[in-house]
Visitor: 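The structure under discussion is supplied below as structure tokens; questions concerning it will follow.
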Amino acid sequence: MSAIVAIVGRPNVGKSTFFNRLIQRREAIVDAVSGVTRDRHYGKSDWNGKEFSVIDTGGYVLGSDDVFEKEIDRQVELAIDEADAIVFMVDVESGVTGMDQDVSKLLRRVNKPVFLAINKVDNAQREADAVEFYSLGLENYYTLSSINGSGTGELLDALVKELPEIEEEESELPRFAVVGRPNAGKSSFINALIGEDRYIVTDIAGTTRDSIDTKYNRFGFEFNLVDTAGIRRKAKVKEDLEFYSVMRSVRAIEHCDVCILLLDATRGFDGQVQNIFWLAQRNNKGIVILVNKWDLVEKETNSVKEYEAKIKKAMEPFTDVPILFISVLTKQRIFKAIETAVDVYKNRSKKVVTRKLNDIMLPIIEHTPPPAYKGKYVKIKFCTQLPTPYPQFAFFCNLPQYVRDPYKRFLENKLRENFDFSGVPVTIFLRKK
């Protein structure tokens, strides 16, 4: 589980360039989630062996100055609420602006490490100009150029020193996060389960403010339920509302074992729900999809099948995910939902004995070996499950570089057929024997 670093600042000071520089350090292993709000806003980075998640808070700012103001306030608010450390980026070319002063005022009150990054400093003259930013009263002061990377090392050295060591909570209890877009019925779902109205449920989207953990212990199940933060509803701006609710889910998703993704049947598996789905999948969490408000949908014969097929099409290639049709209002199938989440949790922590794995997989591989590539034949000799918190398998062979993605998917499908990893992302590595 990693600490979260947020980048804040006015538009066009170079936040995205800096963000891209951070997340591309280890592009082979970690990539930003594609399609989160049409743009990359979330990724993982590591520096000096310390891994952390990065949020680029620059939603989109369109329109007049006061929209800018509101937007910046909202970014800073998001950063203050969600992040463990904040990088406040300013631009030496435009000098200290009124907006920079406002942001620094907010940040000076925060009880979290704040780093002032003065961007576009790429010569001695600009180094001298940067001194005026001392007036913002922030102690951690760094000059850098995010385009060519100079100065970013010093900032990151200081940053990772300040990041808290986030230990996995030693709770034996599984953690289930209820995620989804605003107003899909997340709080009502939790209330229906717990049987008390612990959450205030209203018709205004985004009334749930913080992630709240609730210990659940009924009907022989015991686990922690995490309700994801909604969003303060300030402006009627559609687009950034979407952006903030996805960003608010980041922490809850990172800190859970299974994501219960709730979607509104009348709206379908739309872009924002897909973003949350891919976020959970990239973080290797178990996933259960609940289609809520099914009672409001016009039914025809086999409409469940059609609806399910549509969702699976959008989820490709990771389609081995349980999908349940529920109604929180009438409590239809909500306990089935929890049962399924518990099964997915078990699947995620499942360990397959090496001998059994080889007894089943090697004959399959022998029968359908990897296709020859450039006249070279790949021989897979042995496989084993890696000792990680979620299912990862290593297949040892003579020429790992010649095994292509379609064959990896074939191996994954065979593992799923034989060992039930429903709802859980499975990672496959090919290693040199």
Visitor: What is the minimum heavy-atom distance between Ala394 and Leu386, and which atoms define it?
Guide: CB-CD2, 3.9 Å
Visitor: Side chain to side chain contact (heavy atoms under 4.5 Å, CB included) for Ile364 and His367? Distances and angles first, verdict last.
Guide: CA-CA 5 Å; Ile364 292 173; His367 185 259; 5.8 Å; no
Visitor: Measuring from Ser146:OG to Asp122:CG, what's the distance to the nearest 0.5 Å?
Guide: 10.0 Å
Visitor: Does any non-hydrogen side-chain atom of Ile190 lie less than 4.5 Å from one of Phe176?
Guide: no
Visitor: Do Thr152 and Leu155 pass the side chain to side chain contact (heavy atoms under 4.5 Å, CB included) test, and can you show the C-alpha distance, the side-chain angles, and the key distance before you say yes or no?
Guide: CA-CA 5 Å; Thr152 47; Leu155 168 61; 5.5 Å; no
Visitor: Can you name the residues that form a ring pair (Phe, Tyr, Trp, His ring centres under 6.0 Å) with Phe429, not counting sequence neighbours?
Guide: none
Visitor: Taking Arg21 for its side chain and Ile147 for its backbone only, find out whether a donor-acceptor pair lies under 3.5 Å.
Guide: yes
Visitor: Would you say the side chain of Pro322 lies within less than 4.5 Å of the side chain of Val344, judging by non-hydrogen atoms?
Guide: yes
Visitor: Do the side chains of Phe189 and Ile326 get nearer than 4.5 Å, heavy atoms only?
Guide: yes
Visitor: Please, which pairs that meet ring-ring contact (aromatic ring centres under 6.0 Å, His included) have at least one residue in residues 395-415, sequence neighbours excluded?
Guide: Tyr373-Tyr402, Phe382-Phe396, Tyr407-Phe410
Visitor: Would you call Glu308 and Lys305 a salt bridge, using N to O less than 4.0 angstrom?
Guide: no
Visitor: Taking atom types as modelled and ignoring hydrogens, do the side chains of Ser16 and Asp56 form a donor-acceptor contact shorter than 3.5 angstrom?
Guide: yes
Visitor: When you measure from the side chain of Lys285 to the backbone of Cys259, do you find a donor-acceptor pair of N or O atoms at a distance under 3.5 Å?
Guide: no
Visitor: Looking at Asn217 and Glu222, would you say the former's side chain and the latter's main chain have a donor-acceptor pair under 3.5 Å?
Guide: no
Visitor: Show, in sequence, the C-alpha distance, side-chain angles and deciding distance for Val288 and Asp343, and conclude whether the side chain to side chain contact (heavy atoms under 4.5 Å, CB included) test is met.
Guide: CA-CA 10 Å; Val288 177; Asp343 290 343; over 6 Å; no
Visitor: Considering residues, nucleotides and ligands other than Lys346, do more than 12 of their heavy atoms fall under 6.0 Å from its NZ?
Guide: no
Visitor: Under 6.0 Å from the NZ atom of Lys313, do we count more than 12 heavy atoms belonging to anything else shown?
Guide: no
Visitor: State which residues pass salt bridge (Lys or Arg N to Asp or Glu O under 4.0 Å) with Glu162; sequence neighbours excluded, sorted by chain then number.
Guide: none
Visitor: Looking only at heavy atoms, which two atoms of Phe115 and Ala85 are closest? And how far apart?
Guide: CE1-CB, 4.5 Å
Visitor: So, do Phe18 and Val13 sit near enough that their side-chain heavy atoms are less than 4.5 Å apart?
Guide: no
Visitor: Compare all side-chain heavy atoms of Leu430 with those of Val378 and state whether any distance is below 4.5 angstrom.
Guide: no
Visitor: If you draw a 6.0 Å radius around NZ in Lys112, do more than 12 non-hydrogen atoms from other residues or ligands fall strictly inside?
Guide: yes
Visitor: Quickly, which of Leu225, Leu290, Leu193 forms a side chain to side chain contact (heavy atoms under 4.5 Å, CB included) with Val178? Name it, please.
Guide: Leu225
Visitor: Under 4.5 Å between any side-chain heavy atoms of Trp47 and Asp157, yes or no?
Guide: yes
Visitor: Hey, could you give me the OG1/CD1 distance between Thr340 and Ile289, rounded to the nearest 0.5 Å?
Guide: 12.0 Å
Visitor: Among Val426, Val403, Ile365, which one satisfies side chain to side chain contact (heavy atoms under 4.5 Å, CB included) with Leu411?
Guide: Ile365
Visitor: Less than 4.0 angstrom from a charged side-chain N to a carboxylate O is my criterion; do Glu412 and Arg416 meet it?
Guide: yes
Visitor: Distance to the ring centre below 6.0 angstrom and angle to the axis at most 45 degrees; does that hold for Lys310 and Phe269?
Guide: no
Visitor: Quick one: closest heavy-atom pair of Lys15 and Gly9, and the distance?
Guide: NZ-O, 2.9 Å
Visitor: With a 3.5 Å distance limit and no angle check, can you tell me whether Asp91 reaches the backbone of Gly14 through a side-chain donor-acceptor pair?
Guide: no
Visitor: Any pair with a residue in residues 379-398 that passes side chain to side chain donor-acceptor pair (under 3.5 Å), sequence neighbours left out, goes on the list, sorted by first then second residue, please.
Guide: Asn284-Tyr390, Thr354-Thr384, Thr388-Gln392
Visitor: Evaluate side chain to side chain donor-acceptor pair (under 3.5 Å) for Ser422 paired with Asn347, printing each intermediate quantity in order.
Guide: CA-CA 7 Å; Ser422 172; Asn347 291 347; 4.8 Å; no
Visitor: Please answer whether the main-chain N or O of Pro164 pairs with a side-chain N or O of Asp84 as donor and acceptor at a distance below 3.5 Å.
Guide: no
Visitor: Got a second to check how far Ile323's CD1 is from Lys312's NZ, nearest 0.5 Å?
Guide: 5.0 Å
Visitor: Measuring from Ser188:OG to Lys331:NZ, what's the distance to the nearest 0.5 Å?
Guide: 11.0 Å
Visitor: Listed by chain and number, what are the side chain to side chain contact (heavy atoms under 4.5 Å, CB included) partners of Glu339, not counting sequence neighbours?
Guide: Phe221, Lys336
Visitor: For the residue pair Val328 and Asn292, what are the closest heavy atoms and their distance?
Guide: N-OD1, 3.0 Å
Visitor: Do you know which two heavy atoms are closest between Ala252 and Ala177, and how far apart they sit?
Guide: O-CB, 4.0 Å
Visitor: Could you walk me through whether Phe325 and Tyr307 pass ring-ring contact (aromatic ring centres under 6.0 Å, His included), step by step?
Guide: CA-CA 10 Å; Phe325 292 82; Tyr307 204 98; 5.8 Å; yes
Visitor: So do Val258 and Pro174 actually touch side chain to side chain, heavy atoms under 4.5 Å?
Guide: no
Visitor: Considering residues at least two apart in sequence or located in another chain, which fulfil the ring pair (Phe, Tyr, Trp, His ring centres under 6.0 Å) criterion with Phe419?
Guide: none
Visitor: Side chains of Asn283 and Lys44 only: does a donor on one sit below 3.5 Å from an acceptor on the other?
Guide: yes
Visitor: In Å, rounded to the nearest 0.5 Å, how long is the span from NZ of Lys120 to CE of Met89?
Guide: 9.5 Å
Visitor: So which heavy atom on Tyr142 is nearest to which on Ala158, and how close?
Guide: OH-CB, 2.9 Å
Visitor: Distance check, rounded to the nearest 0.5 Å: Glu139 atom CD versus Leu116 atom CG?
Guide: 11.5 Å
Visitor: Assess whether side chain to side chain contact (heavy atoms under 4.5 Å, CB included) is satisfied between Ile338 and Ile260, documenting all intermediate values.
Guide: CA-CA 9 Å; Ile338 286 304; Ile260 298 175; 4.2 Å; yes
Visitor: Would the number of heavy atoms belonging to other residues, nucleotides or ligands and lying under 6.0 Å from CG of Leu296 be above 12?
Guide: yes
Visitor: Looking at Asn48 and Lys50, would you say the former's side chain and the latter's main chain have a donor-acceptor pair under 3.5 Å?
Guide: no
Visitor: So, do Val304 and Trp294 sit near enough that their side-chain heavy atoms are less than 4.5 Å apart?
Guide: yes
